[in-house]
Amino acid sequence: MPDFFKDVREVVALIPKGRVSTYGAIARFLGASKSSRVVGWVLNKSVNVDQVPAHRVVNRYGFLSGKQHFQTVSYMEELLTKEGVIIKNDMVLNFNDLFWDPSIELRW
DNA sequence: ACACTGACCACTG
DNA sequence: CCAGTGGCCAGTG
């Protein structure tokens with residue numbers, strides 16, 4: 001298993017319940033060599049991995065761009081709603097407040 | 001080896 | 001303030 005798989009999953013696993021992060025934020029945190037596309041791709045391959053809360057990762061506008069890749073198209077929204085995140089028209093409400101940026105939150 | 005495809009994003013005009 | 005564009009990089013055919 002390539003390292004970046006582990007890296008991405010590690011960061012995603014750190015996103016607190018009820019918060020969301022973005023592909024770009026994770027990519028930047030992992031280093032300039034990583035692209036946000038690759039982050040999305042890793043999550044795509046991680047759908048079946050329970051330990052990775054892929055539903056907490058959205059694009060920079062708070063849009064649920066990955067919902068189509070879950071078991072059902074409403075599953076991502078269900079999970080987030082269950083955690084207290086309100087979704088309206090596939091968008092995270094109050095996204096700015098819920099946004100969790102690893103390069104800020106994980107700064108030692 | 002080559003071209004194309006993404007759960008993306010920053011920059012430009 | 002937009003829409004367009006180009007870079008990003010791993011996988012797939």
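Each chain gets a letter, A, B and so on, in the order the sequences are listed, and its residues count up from 1.
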Identified pairing partner of C:dG11, criterion: Watson-Crick or G-U wobble below 3.5 Å: B:dC4

Nearest-nucleotide 5' precedence on DNA chain B, A:Arg28 against A:Leu43: A:Leu43

So A:Ser36, base contact, sugar-phosphate only, or nothing? Heavy-atom distance under 4.0 Å. base

Answer yes or no: is there a donor N or O on one side and an acceptor on the other, between the side chain of A:Ser36 and the main chain of A:Ala27, under 3.5 Å? no

Calculate the interatomic distance between A:Tyr23 atom OH and B:dA10 atom P; express it in whole Å. 14 Å

Given atom CD1 of A:Ile87 and atom P of B:dA7, what is their separation to the nearest angstrom? 19 Å

I need the NZ-P distance between A:Lys45 and B:dG6, as an integer number of Å. 12 Å

Given B:dA7, C:dA10, B:dA10, the nucleotide with the shortest approach to the side chain of A:Trp41: C:dA10

Separation of C:dA3 atom P from A:Tyr61 atom OH, nearest Å, is 10 Å

Just the rounded figure in Å: distance from C1' of B:dA10 to CG of A:Asn59. 14 Å

Nearest listed nucleotide, side chain of A:Thr22, among B:dC9, C:dT12, B:dA7: B:dC9

Nearest-Å distance for atom pair CZ/C1', residues A:Arg9 and B:dA7: 15 Å

Distance-only, no hydrogens or angles: does the A:Arg19 side chain make a donor-acceptor pair with backbone N or O of A:Phe99 under 3.5 Å? yes

When you get a sec, tell me which of C:dA10, C:dT12, B:dA7 is the closest nucleotide to the side chain of A:His69? B:dA7

Side chain of A:Arg60 (C-beta onward), nearest among B:dA7, C:dC9, B:dC9: B:dC9

Considering every strand and a 4.0 Å limit on heavy-atom distances, what is the contact class for A:Asn44: base, sugar-phosphate, or nothing? base

Is the ring pair A:Tyr75/A:Phe70 parallel, tilted or perpendicular, if the boundaries are 30 and 60 degrees? tilted

What nucleotide, of C:dC9, B:dC9, B:dA7, holds the atom closest to the side chain of A:Ser35? C:dC9

Can you tell me which residue among A:Val39, A:Val42, A:Asp101 is in a side-chain contact (heavy atoms from CB on, under 4.5 Å) with A:Ile26? A:Val39

Could you give the distance separating B:dA7 and C:dA3 at their P atoms, to the nearest angstrom? 23 Å

Can you measure A:Phe5 atom CZ to C:dC9 atom C1' for me and round it to whole angstrom units? 12 Å

With sugar-phosphate meaning primed atoms plus P, OP1 and OP2, does A:Phe63 contact a base, only sugar-phosphate, or nothing at under 4.0 Å between heavy atoms? nothing

Grouping I, L, V, M, F, W and Y whenever their side-chain heavy atoms are under 4.5 Å apart, do A:Ile15 and A:Phe5 come out in a common cluster? yes

